[in-house]
Every structure is written in structure tokens, then in C-alpha cells.
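Take a look at the structure set out below.
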Amino acid sequence: MDLECGSRHSDAYDELITRVVADLFSFNDTRQKRILDHYYFHDATFDSPLLATSGIYNIRHVLLLWKALNKYPPTVTNVCFNGQTCVAYLKQNLCPRLFPFVQLELPVIVTLNFRETDVDSGLLKIEKHKESWTLEGLVQAVPLLSYWYDNVVRVLMGRVISSTGEVIYSAAETMHLLEASVEERSEDLQRFMMREKLQK
């Protein structure tokens, strides 16, 4: 079962890719295995900020580990597909099974790169699966750290950068005025020397 490659993107086509992404990240083992078996190349690669692996066997175990560590599946918020690349926006619901009172939402961007199964076949499978997390997303996921980052670090950095900008601007203006003054003095000196030559 492969995706058909084509320039037209119908509603059915969009529904299919949305269902593929939803099933891939669901905690339903059967759906997830079906997606990996039918829509991934056997030597597909998986990259994330924490690890890199290849092969659907290893990718499946990474997804199973994520399921074992978390109580809730991620929420798919948006899926975009252009015929070769699918970008899915997720909210990983971090809720460790050992500490169910800890719940964090981490924004994740998943990029699935497709390639044709055979030359001119028009059928696509996933060859690369990449997950991206931003530093800001990680910081925003932790409530106290998020508050500290928003109200202390960002405000302090804003003040430091604006002050630095003001100092640099003032220094540049002073240099410009000094250069203009030196040029003016140089012109005055040249005029004085010309007058002295003419008087001799």
C-alpha cells in the first residue's frame, strides 16, 4: 500500500496523509505497525534531537519506547503535504507513567520525506522521518522555567541588547563626528598652507 504521486491534491488524498500521520503517532500498535510496514521503506531513517536510527524495526521500537514512557499519545495539530514532503505539527503530551502528576506539552515538527518506490511508478513511500524540537518549545513546556524565561531572561536580554545597541549607536555617531572634525581640520590646514605659499 503506497501513496500515489501526482500533481493534484484532492480531499481524499489529504485525508489519506492525515490518517497516515495520525495512525503513525497513535498508541494503537496495530495501526502503527501497518503504517510502518506499508508506508515506510525497510531501510528508512529516523532522526530526532536525541537519536538517529534506520530500519522500520528500529523505528518501531523507538515509537514503542516513547509509548511506554508516556501515558498519552501526541496530538496532531496540522499536516501539510506537497507531494514529496509531509510536515506534521504535533504536541507531545509528556506525562511519564511513573509520575502521572507531571504533564507537559512539547511542540514537535515532524518531517516525512517520500520517494518513489520504483522509477516512474508514481507510488511513494517514506524514506526519512525527522523530528525537530525547538529550545524555546522545551523551555515553554516546563511551567516554572517558562515563567522565568519569559519574565526574567527575555526581559533582561531585551534590556541588554537595547542598551548595547544604544552604546554602539552612540559610539558610531561619535566616530562619525570625529571623522568629520578631522576632515574639516585637514581642509583648514590645507587652506592655511595654500595661503602661506601664496604669501611667499
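Please read all numbers here as calculations on a predicted model, not as lab measurements.
The side-chain heavy atoms of P74 and F27, taken from C-beta on, include a pair separated by under 4.5 Å. Counting heavy atoms from C-beta on, the side chains of T111 and T85 come closer than 4.5 Å. Between L106 and V108 there is a side-chain heavy-atom pair separated by less than 4.5 Å. Residues I126 and N113 fail the side-chain proximity criterion, which asks for heavy atoms closer than 4.5 Å. Looking only at side-chain heavy atoms (C-beta outward), L51 and V62 come within less than 4.5 Å of each other. Between T45 and S54, the closest side-chain pair of non-hydrogen atoms falls below 4.5 Å. At least one side-chain heavy atom of V110 sits under 4.5 Å from a side-chain heavy atom of L90. Residues F46 and K128 fail the side-chain proximity criterion, which asks for heavy atoms closer than 4.5 Å.
Although no hydrogens or angles enter the test, the distance criterion places no donor-acceptor pair under 3.5 Å between the side chain of Q84 and the main chain of R115. A donor-acceptor pair under 3.5 Å is formed between the side chain of T18 and the backbone N or O of D14. Using modelled atom types, no side-chain atom of D47 and backbone atom of K130 make a donor-acceptor pair closer than 3.5 Å. Counting only distance, with no hydrogens or angles, the side chain of T77 and the backbone of Y89 share a donor-acceptor pair below 3.5 Å.
A side-chain N or O of H129 and one of Y40 form a donor-acceptor pair less than 3.5 Å apart. Under the 3.5 Å distance criterion, with hydrogens and angles disregarded, no donor-acceptor pair is assigned to the side chains of Q92 and W133.
Note on Y57 and Y39: separate hydrophobic clusters, where clusters join Ile, Leu, Val, Met, Phe, Trp and Tyr whose side-chain heavy atoms are under 4.5 Å apart, directly or indirectly. Under a hydrophobic-cluster definition in which Ile, Leu, Val, Met, Phe, Trp and Tyr are linked whenever side-chain heavy atoms come within less than 4.5 Å, directly or via other members, V79 and L16 are assigned to the same cluster. Under the 4.5 Å side-chain heavy-atom criterion for ILVMFWY residues, no single connected hydrophobic cluster contains both L189 and V182.
In this structure, the separation between CD1 on I35 and OG1 on T30 is 11.5 Å, given to the nearest 0.5 Å. Atom NZ of K33 sits about 13.0 Å away from atom CG of L63, to the nearest 0.5 Å. From R195, atom CZ reaches atom CD of Q190 across 12.5 Å, with rounding to the nearest 0.5 Å. Of the inter-residue distances, the one linking I56 atom CD1 with F41 atom CZ reads 11.5 Å to the nearest 0.5 angstrom.
The list of side chain to side chain donor-acceptor pair (under 3.5 Å) pairs with a residue in residues 173-185, not counting sequence neighbours, is empty. Pairs of residues two or more places apart, or lying in two chains, that qualify as salt bridge (charged side-chain N to carboxylate O under 4.0 Å, His left out) and include a residue from residues 65-75 are D29-K67.
The shortest non-hydrogen separation linking V21 to C86 is CG2-SG, 3.9 Å. The minimum heavy-atom distance between A22 and V76, with the atom names listed, is CA-CG2, 4.3 Å. Across all their heavy atoms, L24 and Q32 have their closest contact at O-NE2, 2.8 Å. The two residues P73 and N93 make their nearest non-hydrogen contact at O-ND2, 2.7 Å. Here the shortest heavy-atom pairing between S26 and R31 reads OG-CB, 4.1 Å. In plain terms, the two heavy atoms of T117 and L124 that are nearest each other are CG2-C, 4.5 Å.
Of the charged side-chain nitrogens involved, at least one lies within less than 4.0 Å of a carboxylate oxygen, so that R191 and E187 count as a salt-bridged pair.
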List the steps and the verdict of side chain to side chain contact (heavy atoms under 4.5 Å, CB included) for I59 and L36.
-> CA-CA 8 Å; I59 294 171; L36 289 168; 3.8 Å; yes

For D23 and N28, run side chain to side chain contact (heavy atoms under 4.5 Å, CB included): C-alpha distance rounded to whole Å, both residues' side-chain angles, the deciding distance at 0.1 Å, then the answer.
-> CA-CA 7 Å; D23 287 352; N28 183 312; over 6 Å; no

Give the C-alpha distance, both sets of side-chain angles, the deciding distance and a yes or no for side chain to side chain contact (heavy atoms under 4.5 Å, CB included) between L123 and D118.
-> CA-CA 7 Å; L123 300 175; D118 294 313; over 6 Å; no

Report the C-alpha distance between Y72 and Q103 in whole Å, list the side-chain angles of each, state the deciding distance to 0.1 Å, and finish with yes or no for side chain to side chain contact (heavy atoms under 4.5 Å, CB included).
-> CA-CA 10 Å; Y72 304 110; Q103 293 187 6; 3.8 Å; yes

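Taking the centre of each ring, F81 and F114 come in below the 6.0 Å mark.
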